[in-house]
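Only one structure is covered here, and it is reproduced in the block below.
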Amino acid sequence: MERDQDAHLKKKVADEMEFAVQCSKCFKWRYIPTEERYEKIREHLLECPFYCEDAREWRPSISCNDIPDITQKEKKLSAFDKPGIPQPPSGWKRIVKVRTRGTIFADVYYDSPNEKRLRSIPEVERYLKQHSEYASQGVKLKKFSFKTPRSLQQDYAKKRSPTPPTPSDDINGDNAGMSM
DNA sequence: GCCACCGGTGGC
DNA sequence: GCCACCGGTGGC
C-alpha cells in the first residue's frame with residue numbers, strides 16, 4: 001500500500017521533472033536518466049565533476065562532440081541546483097518547484113515517506129521530533145537542505161544584482177542543474 | 001476543506 | 001539586500 005503510493009508519487013514527480021547536469025569540460029547539459037543517479041552525481045559534484053563520458057553508462061557512444069541535450073534557448077525553465085546538497089534520506093523526496101511568477105525563483109519541499117510535505121528546516125525538525133521512528137532510522141536534519149536553485153535565465157533575476165557581464169562564460173561547470 | 005502557490009517580512 | 005520562513009488565499 002505504502003509502496004504503491006510511493007511509486008505513484010515517484011511517477012508523478014518523474015513526469016514533472018527531468019534531471020540534467022553539465023559536463024565540466026564542454027559545459028554541455030546531459031540528461032540523467034533517473035533521479036537517484038542525479039542525486040548521487042549532484043551530491044558529489046564538487047569532488048567528482050561530471051563529464052560527458054560518464055553518461056556512457058547509459059548512452060554508450062556519447063561524447064563532448066555531441067550536441068547538448070538542453071540549450072538555454074529552450075522555453076522550459078531551467079535552473080542550476082546548488083552543489084553539495086545531500087541525497088534525501090531513503091523514502092524521502094526533495095521537490096524543487098520553480099515559480100512561474102513572482103519574485104522568488106523557486107521553492108524547495110521535502111515529501112516524507114508518508115507524503116507529508118515539509119517546507120522548512122523548522123518544520124522538518126518538528127516533524128522528526130513527532131515521528132521518532134525516523135530518527136531511529138537514522139534520518140538526520142543534516143540531510144535536508146532547502147537551498148533553492150538559481151535561474152539559468154539571466155533575465156529572470158529581478159533581484160540579483162545585474163551580474164556584471166560575464167557574457168561568454170554564462171555557465172560555469174561547477175554546478176549541477178535540472179530543468180523543469 | 002485542502003493544498004499549491006505566491007507574497008510579505010524579520011533576521012541576518 | 002537577500003532569503004528562509006510561514007501566513008494567506010484562490011482554485012480545485
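The structure displayed is predicted, hence computed values, not measured ones. A note on names: the letters A, B, ... follow the listed sequences, proteins ahead of strands, and every chain is numbered from 1.
For the ring-ring contact (aromatic ring centres under 6.0 Å, His included) test with A:Y110, the passing option among A:W92, A:Y127, A:F144 is A:F144; the others fail. If you run salt bridge (Lys or Arg N to Asp or Glu O under 4.0 Å) between A:D107 and each of A:K97, A:R99, A:K147, only A:R99 comes through.
Between the CZ atom of A:R119 and the P atom of B:dA4 there is a distance of 10 Å, rounded to whole Å. Atom-to-atom, CZ of A:R117 to P of B:dC6 comes out at 13 Å; the value is rounded to the nearest Å. When the P atom of C:dC5 is taken as reference, atom CG of A:D107 falls 12 Å away, rounded to whole Å. Put simply, NZ on A:K97 is 20 Å from C1' on C:dA4, counting in whole angstrom units. Taking atom CZ of A:R126 as the reference point, atom C1' of C:dA4 lies 13 Å away to the nearest angstrom. We find that OH of A:Y110 is positioned 12 Å from P of C:dC5, with the value rounded to whole Å. Regarding A:K116, its NZ atom lies at a distance of 13 Å from the C1' atom of B:dA4, rounded to whole Å. The CZ-C1' distance, from A:F146 to C:dA4, rounds to 10 Å in whole Å.
Distances shorter than 4.0 Å separate none of the side-chain N or O atoms of A:S120 from OP1 or OP2 on C:dA4.
Here the closest non-hydrogen pair linking A:S145 and A:V108 is O-CG1, 3.8 Å. Here the shortest heavy-atom pairing between A:L118 and A:F146 reads O-CE2, 3.7 Å.
With C:dA4, B:dC5, C:dC5 as the choices, the nucleotide that has an atom nearest any side-chain atom of A:I121 turns out to be C:dC5.
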